Amino acid sequence: MNLIQPIHHAGRQVAQGVSLFVCDVGNGMLEVFHNSLAMLGLAVLAGLVFVGTQPEVRDRSESLAFGWLHQRHLARAEASGDVLSAVSEPEGVGRATAADPAELNRQQGLVTRWLAKRYRVAPEPVARLVQEAWHMGRRSGLEPTLILAIMAIESSFNPFAQSPVGAQGLMQVMTRLHDDKYSAFGGSHAAFDPVSNLRVGVQVLRDCIARFGGVEAGLKAYVGAANLPEDGGYVHKVLAEQAFLRSVAAGAQVSVTVAAPPAPAAGRDGLAPLPRNELQAADSELVAQLGARTAAQR
């Protein structure tokens, strides 16, 4: 009896020791777990603060998250057979050349509506081009109505137009001769981006006007007829269209079917002789190449 009691007492002590050990280990692990969670939370908080104060990192993170979500959406759409959703691209609207005509000022709004009706094109893209013509007009010192008149005569506001000799886009710029100017817009394919083509065309036009000493002579050079006796009536058509646009911008009622009056006879009211200076002679090769454009188009 005396032997059994010490054994039971020793067993209880062992059990208590084991229980205390397990409890201590558990408490220790719980403490470590709590501390780990606290450290993780602090690390996440520090990461969020860092991302929030670094625009590039934040934008990159948002882009990655959006891309992952978009890919998940496309995968579900393809699995369900929803073709339209599978090829959706919400940011595609950013590539559209369009503006709300209601946001234009009075002059621009009048010109936009008239051009849209005259050339049977949507007012939204015309509104964007009218905005850009006014913007580039201020920067280049050219009248916006002249820029718009050239687009009207050259391409009838078709941004994908191409002539037989390679003049391309809204303002029918000779891309192969001015590909260096398109480098600022990412390459020569920008010739078919309406705004890029307009900006390059304005630069070419301004250079022609400065080089040949006036608007009429510059227009003749722009169409590639600087060294030719006739320009096929091009200058007259552009200036007549510009006159219509000026009247429209001033609030006059101009029919959308109005036609340009007959061109004046050459040698009587025609263009003044072009200057023959050293700059023109140095550029004779370029002018000769441009002259092929008129010969092929007329």
Side-chain angles (χ1 to χ4, degrees), residues 95 97-99 108 111-112 115 118-119 121 125-226 231-242 244-246 283 286-287 289-294 296-298:
R95 295 195 300 269
T97 303
Q108 295 171 0
V111 168
T112 293
L115 287 173
R118 182 170 175 81
Y119 292 96
V121 289
V126 175
R128 177 67 183 90
L129 296 175
V130 168
Q131 278 183 332
E132 190 64 29
W134 249 262
H135 171 68
M136 290 302 298
R138 287 192 298 269
R139 294 183 62 89
S140 65
L142 300 176
E143 286 194 42
T145 53
L146 177 62
I147 298 170
L148 292 167
I150 290 175
M151 281 189 282
I153 299 304
E154 288 282 4
S155 66
S156 298
F157 293 94
N158 176 8
F160 309 123
Q162 177 166 308
S163 77
V165 293
Q168 297 177 324
L170 280 176
M171 295 190 70
Q172 290 291 277
V173 177
M174 295 288 287
T175 303
R176 68 176 181 272
L177 298 180
H178 299 287
D179 58 347
D180 58 318
K181 295 181 175 64
Y182 281 114
S183 62
F185 302 96
S188 59
H189 285 171
F192 300 106
D193 169 55
V195 173
S196 299
N197 187 278
L198 188 158
R199 292 177 179 177
V200 171
V202 167
Q203 180 64 51
V204 174
L205 175 63
R206 188 176 69 169
D207 291 347
C208 287
I209 292 174
R211 182 173 297 148
F212 294 100
V215 172
E216 293 187 359
L219 285 171
K220 193 176 180 185
Y222 184 86
V223 78
D231 64 4
Y234 175 81
V235 173
H236 175 73
K237 293 175 186 176
V238 170
L239 295 181
E241 191 74 7
Q242 183 188 15
F244 297 149
L245 289 169
R246 282 175 173 171
D283 199 50
L286 173 61
V287 172
Q289 292 181 58
L290 288 171
R293 171 184 168 183
T294 301
Q297 288 179 310
R298 308 304 178 206

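What you see is a predicted model; the values in this text were computed from it and never measured. If you read the sequence from its start, that first residue is 1, and numbering goes on from there.
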* Structure fact -> dist R206:CZ -> R139:CZ (nearest 0.5 Å) comes out at 9.0 Å

* **Heavy-atom closest contact (L198 atom, L129 atom, distance)** => CD1-O, 3.9 Å

* When rounded to the nearest 0.5 angstrom, what is the spacing between OG in S188 and OH in Y182? -> 9.0 Å

* Structure fact -> Hits for ring-ring contact (aromatic ring centres under 6.0 Å, His included) against F160, two or more places apart or cross-chain, chain-then-number order -> none

* **Beyond-backbone contact of M136 with L142, side-chain heavy atoms, under 4.5 angstrom** => no

* **Which atom of A99 lies closest to which atom of Q131, heavy atoms considered** => CB-OE1, 3.6 Å

* When you check the side-chain N and O atoms of T145 and Q242, is any donor under 3.5 Å from an acceptor? -> yes

* Asked: Is any side-chain heavy atom of T97 less than 4.5 Å from a side-chain heavy atom of D193?
  -> yes

* Structure fact -> Tightest non-hydrogen contact, residues V238 and A149, listed as O-CB, 3.5 Å

* To do: Kindly compute the distance separating CG (D207) from CZ (F212), expressed to the nearest 0.5 Å.
  => 10.5 Å

* Asked: Looking at I147 and A133, what are the two nearest heavy atoms and their distance?
  -> CD1-O, 3.8 Å

* Asked: How far does CG of L205 sit from CD1 of I150, to the nearest 0.5 angstrom?
  -> 4.0 Å

* **Side chains of L170 and E154 in contact at under 4.5 Å (non-hydrogen atoms)** => no

* Is there a side-chain contact between Y222 and M174, using heavy atoms and a 4.5 Å cut-off? -> no

* To do: Please report the shortest heavy-atom distance between E216 and V235, naming the atom on each side.
  => O-CG2, 3.8 Å

* Asked: Counting distance only, does the side-chain N/O of N197 pair as donor-acceptor with the main-chain N or O of P159 below 3.5 Å?
  -> no

* Are R199 and V202 side-chain neighbours, meaning at least one heavy-atom pair lies under 4.5 Å? -> no

* N/O donor-acceptor pair under 3.5 Å between S155 side chain and F157 backbone -> yes

* Is E132 salt-bridged to R128, cutoff N-O under 4.0 Å? -> yes

* To the nearest 0.5 Å, what is the distance between NE2 (H189) and OG (S196)? -> 13.0 Å

* **Atom pair CG (L146) and CE (M151), whose distance is rounded to the nearest 0.5 Å** => 10.0 Å

* Does any non-hydrogen side-chain atom of W134 lie less than 4.5 Å from one of V111? -> yes

* Structure fact -> Between T175 and Q168 the two heavy atoms that sit nearest each other are OG1-OE1, 2.6 Å

* Asked: Does the distance from a Lys or Arg side-chain N to an Asp or Glu carboxylate O, for E241 and R246, drop under 4.0 Å?
  -> no

